[in-house]
Participant: 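Structure below; questions to follow.
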Amino acid sequence: DIEQILKRKVPYLNLFRIAVGYKEAILAKLYVFIEIKKSSGSKYNRIAHDIYTAILDEIGLITKGIVFMPLRSIPKTSSGKLQRQECVHR
């Protein structure tokens, strides 16, 4: 599970809510959605680099996109599960 890989390889990500989704095409495209407070661009760059590197090093996949979202904006089901594919469709 890529979300668990990220939490293990990039420990400070445990502070954030993360969702990983795929967009089906000829080749599946991997997207990482992360809820985070607004911050300086350099913090976003570091987080994006760490996510991209962790996924590439651990399972050899290239991340198509890393999307920073406002807090509490990753959609959830009525039972509280993250709706990963809904993130991709937005």
Side-chain angles (χ1 to χ4, degrees):
D1 169 82
I2 295 172
E3 293 161 2
Q4 294 306 314
I5 289 170
L6 288 175
K7 288 184 177 190
R8 188 180 77 248
K9 299 279 282 184
V10 190
Y12 67 84
L13 289 179
N14 288 314
L15 303 174
F16 307 107
R17 184 179 301 157
I18 302 168
V20 175
Y22 297 91
K23 184 174 185 180
E24 295 297 327
I26 294 172
L27 296 173
K29 296 178 182 176
L30 176 71
Y31 292 88
V32 176
F33 302 90
I34 181 167
E35 290 183 350
I36 190 169
K37 291 181 184 177
K38 288 187 175 182
S39 182
S40 67
S42 62
K43 184 175 184 180
Y44 292 138
N45 290 340
R46 176 180 163 231
I47 293 169
H49 176 268
D50 291 349
I51 289 171
Y52 183 87
T53 302
I55 293 171
L56 185 61
D57 289 350
E58 189 75 13
I59 56 176
L61 290 177
I62 295 174
T63 305
K64 178 68 175 171
I66 299 169
V67 181
F68 295 97
M69 302 174 70
L71 295 176
R72 293 179 287 286
S73 63
I74 293 178
K76 294 191 280 184
T77 65
S78 58
S79 64
K81 294 181 182 178
L82 299 178
Q83 293 183 320
R84 291 159 181 85
Q85 287 308 111
E86 182 64 28
C87 290
V88 173
H89 292 298
R90 288 183 175 186

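All values below were derived from every heavy atom in this structure, side-chain atoms included, with hydrogens, water molecules and symmetry-related copies excluded. By convention here, the first residue in the shown sequence is residue 1.
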Participant: Taking a hydrophobic cluster as the set of Ile, Leu, Val, Met, Phe, Trp and Tyr residues connected by side-chain heavy atoms closer than 4.5 Å, whether directly or through intermediates, do L61 and I34 fall within one such cluster?
Facilitator: yes
Participant: Check each of I36, D50, I51 against L13 using the side chain to side chain contact (heavy atoms under 4.5 Å, CB included) test, and report the only one that passes.
Facilitator: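 Checked I36, D50, I51 against L13; only one passes side chain to side chain contact (heavy atoms under 4.5 Å, CB included): I51.
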Participant: State, to 0.1 Å, how close I5 and A54 come at their nearest heavy-atom pair, and which atoms those are.
Facilitator: CG2-O, 4.5 Å
Participant: Measure the shortest side-chain to side-chain distance between Y44 and I66 over non-hydrogen atoms and say whether it is less than 4.5 angstrom.
Facilitator: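 No, side chains not in contact.
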Participant: Can you tell if the side chain of L56 reaches within under 4.5 Å of the side chain of T63, non-hydrogen atoms only?
Facilitator: no
Participant: Rounded to the nearest 0.5 Å, what separates atom CG in L6 from atom OH in Y52?
Facilitator: 13.5 Å
Participant: Just wondering, do I55 and V32 contact through their side chains at under 4.5 Å, heavy atoms?
Facilitator: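 Yes, side chains in contact.
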Participant: Check salt bridge (charged side-chain N to carboxylate O under 4.0 Å, His left out) between K9 and all other residues, then give those that pass, not counting sequence neighbours.
Facilitator: E58
